Number of protein chains: 2
Amino acid sequence: MVASAGRARPAGGPAGKGSPGSGRAGEPARREGPDGAGAAPDRPVAGRVTSRDVARAAGVSQATVSLVLGDKWPGRVSERTAETVRAAARDLGYRPNLAARSLRLGRTRTVLLVVPALTTEFFARVYTGAERVAADHGFGVVLYPSPEGVGPARDPFDSARASLDGVIASSMAADALTLVRGGGLPLVMLDSDPDDAAAAATVNLDIADGARQTAGHLLALGHRRVAHLAAAVDSWTFHVRARALAEAVAGVPGAALCTEPAGLSVEEGRRAAERVLARPGRRPTALVCDDDILAAGACKAARRLGLRIPDDVSVTGFDDLALATAVEPELTTVRLPAEAVGAAGMRALMTLLEGETPQDTVLPVELVPRGSTAPPPRN
Amino acid sequence: MVASAGRARPAGGPAGKGSPGSGRAGEPARREGPDGAGAAPDRPVAGRVTSRDVARAAGVSQATVSLVLGDKWPGRVSERTAETVRAAARDLGYRPNLAARSLRLGRTRTVLLVVPALTTEFFARVYTGAERVAADHGFGVVLYPSPEGVGPARDPFDSARASLDGVIASSMAADALTLVRGGGLPLVMLDSDPDDAAAAATVNLDIADGARQTAGHLLALGHRRVAHLAAAVDSWTFHVRARALAEAVAGVPGAALCTEPAGLSVEEGRRAAERVLARPGRRPTALVCDDDILAAGACKAARRLGLRIPDDVSVTGFDDLALATAVEPELTTVRLPAEAVGAAGMRALMTLLEGETPQDTVLPVELVPRGSTAPPPRN
DNA sequence: GTGAAAGCGCTAACAT
DNA sequence: ATGTTAGCGCTTTCAC
């Protein structure tokens with residue numbers, strides 16, 4: 001992995017090349033010139049301070065330095081020497097070379113977080129939670145945004161360029177995980193099928209309950225013709241929404257549900273909603289959208305058709321993004337504890353790395369009623 | 001402890017998934033005993049295949065393996081042996097140990113991208129562009145979201161746990177860069193003060209021109225009382241917007257500008273806009289917002305005050321996020337070529353790492369007129 | 001209590 | 001054309 005690069009470059013040029021498997025275009029020519037009279041940037045620039053330098057400065061051996069700085073000295077090194085070492089390290093600005101440590105230890109204290117997209121704050125919050133827990137354990141987190149979230153991920157083990165101790169994958173489409181699976185690394189999946197055999201542990205949101213709460217809210221308001229704007233993404237989290245919603249609606253006599261698929265964008269949401277709302281006759285009075293982005297699109301569709309929200313049609317979202325309160329009216333939506341998901345996921349992974357077996361977790365979600373829902377129109 | 005957990009749940013048959021053998025460079029299933037039977041090679045369970053294993057399997061030396069897999073064999077190793085080596089590597093599922101390589105080379109082929117926040121797609125796009133270029137050079141990119149975007153960044157060199165060959169920082173607040181600066185690594189700054197001495201190169205958007213285009217658009221429509229909802233963030237990009245806007249407005253006789261600061265959220269944008277619009281007497285007829293999020297807040301404020309957009313008040317944004325077309329009416333805003341910024345930044349860094357001096361770059365931006373702007377009301 | 005020594009897996013001089 | 005060798009900087013027995 002990835003470690004502290006010390007000297008600028010040893011001598012002679014680096015070698016351009018990608019990973020062994022991929023004969024990628026190498027890096028462009030570099031110039032030689034250890035002897036060039038001119039601008040040879042070739043000096044061991046920051047001749048990085050090594051633990052040996054510290055040892056020398058402190059008048060002890062490298063081993064002692066390692067012991068002290070690794071906090072394993074109690075009972076092996078005298079308090080006084082320990083302090084000397086720490087002082088020397090501080091003075092010299094010593095930073096351990098992570099590559100060397102990783103090589104020696106066989107572990108990197110780095111975890112990869114794979115997310116389908118960078119563009120929504122849901123994943124930003126997942127990251128935040130995961131990072132906090134990781135930091136507590138002395139681990140770092142590297143983000144890997146799977147391109148477009150839906151296509152098969154490019155090889156993170158090559159691309160992230162970090163060697164890893166474990167992987168956390170969130171809300172990935174079913175087919176986007178092939179490579180993550182193959183890594184042979186401890187894997188925790190978030191917001192994903194708990195029965196997936198690839199994951200050693202899962203952390204989930206009670207998505208089904210969120211869908212039920214949404215349905216319950218609308219049904220209680222009196223809605224009987226409900227349309228589901230369903231994300232056209234093949235992942236567990238959306239399948240669950242569809243199923244739970246269908247069941248909830250089916251449980252109420254006289255209630256009917258129709259489903260319209262949509263890509264995850266405002267524009268696609270708008271188009272899907274227009275299709276649904278344009279159906280003559282029994283137009284739905286409520287639109288349940290798989291996320292807030294689709295819901296925003298649905299609102300635009302309604303407005304274009306001259307329908308008022310919530311008077312003529314109610315709209316609900318999912319996620320409670322900033323977008324949910326940016327539109328008018330504000331969206332009734334399901335708030336997901338994203339940070340908690342990230343944190344729980346990282347805890348599970350840490351447990352796993354300690355050789356123990358974490359429990360699968362399910363976190364509760366909460367419907368946030370706002371201005372986009374109301375009783376259906378009279379007629 | 002910290003037993004490097006092999007696999008908690010052996011990936012048996014993927015329950016819901018088919019096609020296990022994607023034939024990709026992914027890790028082929030571990031072969032049984034490539035290195036001979038009998039003598040129990042006592043391989044430590046997680047024992048990765050090393051280049052030595054490959055050498056043994058191919059009947060050559062480790063050096064040859066390195067040469068072949070490093071694509072520097074032409075002229076030094078026979079085509080036949082090269083093929084043998086490649087085959088052995090493939091069969092064993094060999095993946096080079098990056099820690100070892102980094103240690104040896106003193107370079108990591110990893111770059112850190114520091115961004116102020118994960119929550120907006122602007123940075124997601126910057127990442128995308130940067131990643132693409134990096135991949136072409138055989139480099140990986142690690143993302144470091146500086147907490148909250150404004151506070152001083154925590155130490156990325158520790159936290160990211162990746163040692164780095166270089167750093168790219170985008171749109172950072174002035175005081176958030178201390179640690180990045182101190183890293184002693186080649187640094188490219190994006191959307192930042194080109195005069196900052198810390199950066200070896202900068203890539204900028206022509207933010208000033210964007211502000212001028214916005215001002216020109218509004219002034220041409222006839223607006224004379226303009227308010228600036230200014231991001232309360234101390235970074236170059238926002239200073240430039242303020243200055244250019246002020247100059248443009250000052251250039252038109254009879255035009256006046258007032259400024260209202262706001263934090264970067266819908267809610268704060270709304271409050272700031274309410275303050276501005278509530279001013280009795282000479283209410284501004286146009287609100288120029290430092291980004292689309294603020295603009296969304298401004299729209300909400302207008303609506304709450306019973307003002308119609310764009311009839312009573314015009315609103316403009318900056319960035320052209322998805323949000324810009326999610327609201328009603330859609331926002332007139334300045335589109336920023338985010339991917340191009342990321343790509344240019346990475347190219348500059350690659351140039352830098354090759355020991356040459358990249359040129360500073362300025363990329364053009366474009367005003368996108370939409371429904372949120374119109375001539376000012378008559379009276 | 002402290003130091004000496006042995007590598008982790010890789011690459012690049014230097015033999016052969 | 002291929003093998004041998006010497007480390008990169010670190011942690012960890014094992015001697016003293």
Side-chain angles (χ1 to χ4, degrees), chain A residues 1-17 19-20 32 34 44 47-56 58-85 89 92 94-109 163, chain B residues 2 4 44 46-56 58-85 89 92 94-109 163:
Chain A
M1 94 141 249
V2 154
S4 182
R7 21 192 103 299
R9 65 187 66 165
K17 49 148 308 298
S19 72
E32 315 272 328
R48 249 311 243 274
V49 180
T50 79
S51 71
R52 251 172 74 166
D53 299 327
V54 176
R56 206 151 28 207
V60 298
S61 83
Q62 212 184 354
T64 306
V65 172
S66 180
L67 253 23
V68 171
L69 266 30
D71 259 345
K72 316 192 207 304
W73 57 278
R76 338 239 259 116
V77 176
S78 76
E79 171 60 59
R80 240 188 11 142
T81 347
E83 188 43 42
T84 316
V85 169
L92 297 177
Y94 170 68
R95 313 193 103 264
N97 180 320
L98 263 24
R101 176 180 291 170
S102 294
L103 179 56
R104 179 66 237 252
L105 261 30
R107 293 170 302 110
T108 56
R109 298 192 92 74
S163 299
Chain B
V2 188
S4 136
R48 274 275 282 257
V49 180
T50 80
S51 70
R52 248 171 79 167
D53 298 327
V54 176
R56 204 151 32 204
V60 299
S61 84
Q62 213 186 351
T64 306
V65 173
S66 180
L67 251 25
V68 171
L69 266 28
D71 261 346
K72 344 183 194 300
W73 57 277
R76 337 239 263 114
V77 176
S78 77
E79 170 61 57
R80 246 201 354 159
T81 16
E83 187 44 41
T84 316
V85 169
L92 297 179
Y94 170 68
R95 310 194 106 262
N97 179 320
L98 263 24
R101 178 182 293 173
S102 294
L103 179 56
R104 179 67 241 253
L105 260 32
R107 293 169 304 109
T108 57
R109 298 189 92 76
S163 299

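Side-chain atoms are counted along with the backbone in the values below, which use heavy atoms only and exclude waters and symmetry mates. On a predicted model such as this, the values are computed, not experimentally measured, just so you know. Just so it is clear: chains get the letters A, B, ... in the order the sequence lines come, proteins before strands, and each one is counted from 1.
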For [N] and [X] - does any side-chain N or O of the residue sit under 4.0 Å from the phosphate oxygens OP1/OP2?
| X | N | value |
| --- | --- | --- |
| B:T50 | C:dC8 | no |
| A:S102 | D:dC10 | no |
| A:S61 | C:dT2 | no |

Please give, in whole Å, the distance from [N] [atom2] to [X] [atom1]?
| X | N | atom1 | atom2 | value |
| --- | --- | --- | --- | --- |
| B:L105 | D:dG9 | CG | P | 13 Å |
| B:Q62 | C:dA13 | CD | C1' | 15 Å |
| A:L67 | C:dG3 | CG | C1' | 11 Å |
| B:R76 | C:dA15 | CZ | C1' | 13 Å |
| A:R52 | C:dG3 | CZ | C1' | 14 Å |
| A:R109 | C:dC8 | CZ | C1' | 17 Å |
| B:L103 | D:dG7 | CG | C1' | 9 Å |
| B:R56 | D:dG3 | CZ | P | 14 Å |

Between [options], which nucleotide has the shortest distance from any of its atoms to the side chain of [X]?
| X | options | value |
| --- | --- | --- |
| B:A100 | C:dG9, D:dC10, C:dG3 | C:dG9 |
| A:Y94 | D:dC8, D:dC10, C:dA12 | D:dC10 |
| B:V60 | D:dC10, D:dG3, C:dG3 | D:dG3 |
| A:N97 | C:dA5, D:dG9, D:dG7 | D:dG9 |
| B:S78 | C:dC10, D:dC10, D:dT2 | D:dT2 |

- Query: So, B:S61 and B:T64: side-chain donor and acceptor under 3.5 Å apart, yes or no?
  - Reply: yes
- Atom of A:Y94, atom of A:T50 and distance for their closest heavy-atom approach: CE1-C, 3.5 Å
- Closest heavy-atom pair, B:A99 versus A:L103, reported as atoms and distance to 0.1 Å, is CB-N, 3.9 Å
- Message: What contact category does A:G70 fall into here, base, sugar-phosphate, or nothing, at under 4.0 angstrom with non-hydrogen atoms?
- Response: nothing
- Query: Reckon B:T64 touches a base, only the sugar-phosphate, or nothing at all at heavy-atom distances under 4.0 Å?
  - Reply: sugar-phosphate
- Message: A:R56: which residues meet the salt bridge (charged side-chain N to carboxylate O under 4.0 Å, His left out) condition with it, sequence neighbours left out?
- Response: A:D53
- Task: Find out whether B:T84 and B:V60 are in side-chain contact, i.e. whether some heavy atom of one side chain is under 4.5 Å from a heavy atom of the other.
- Result: no
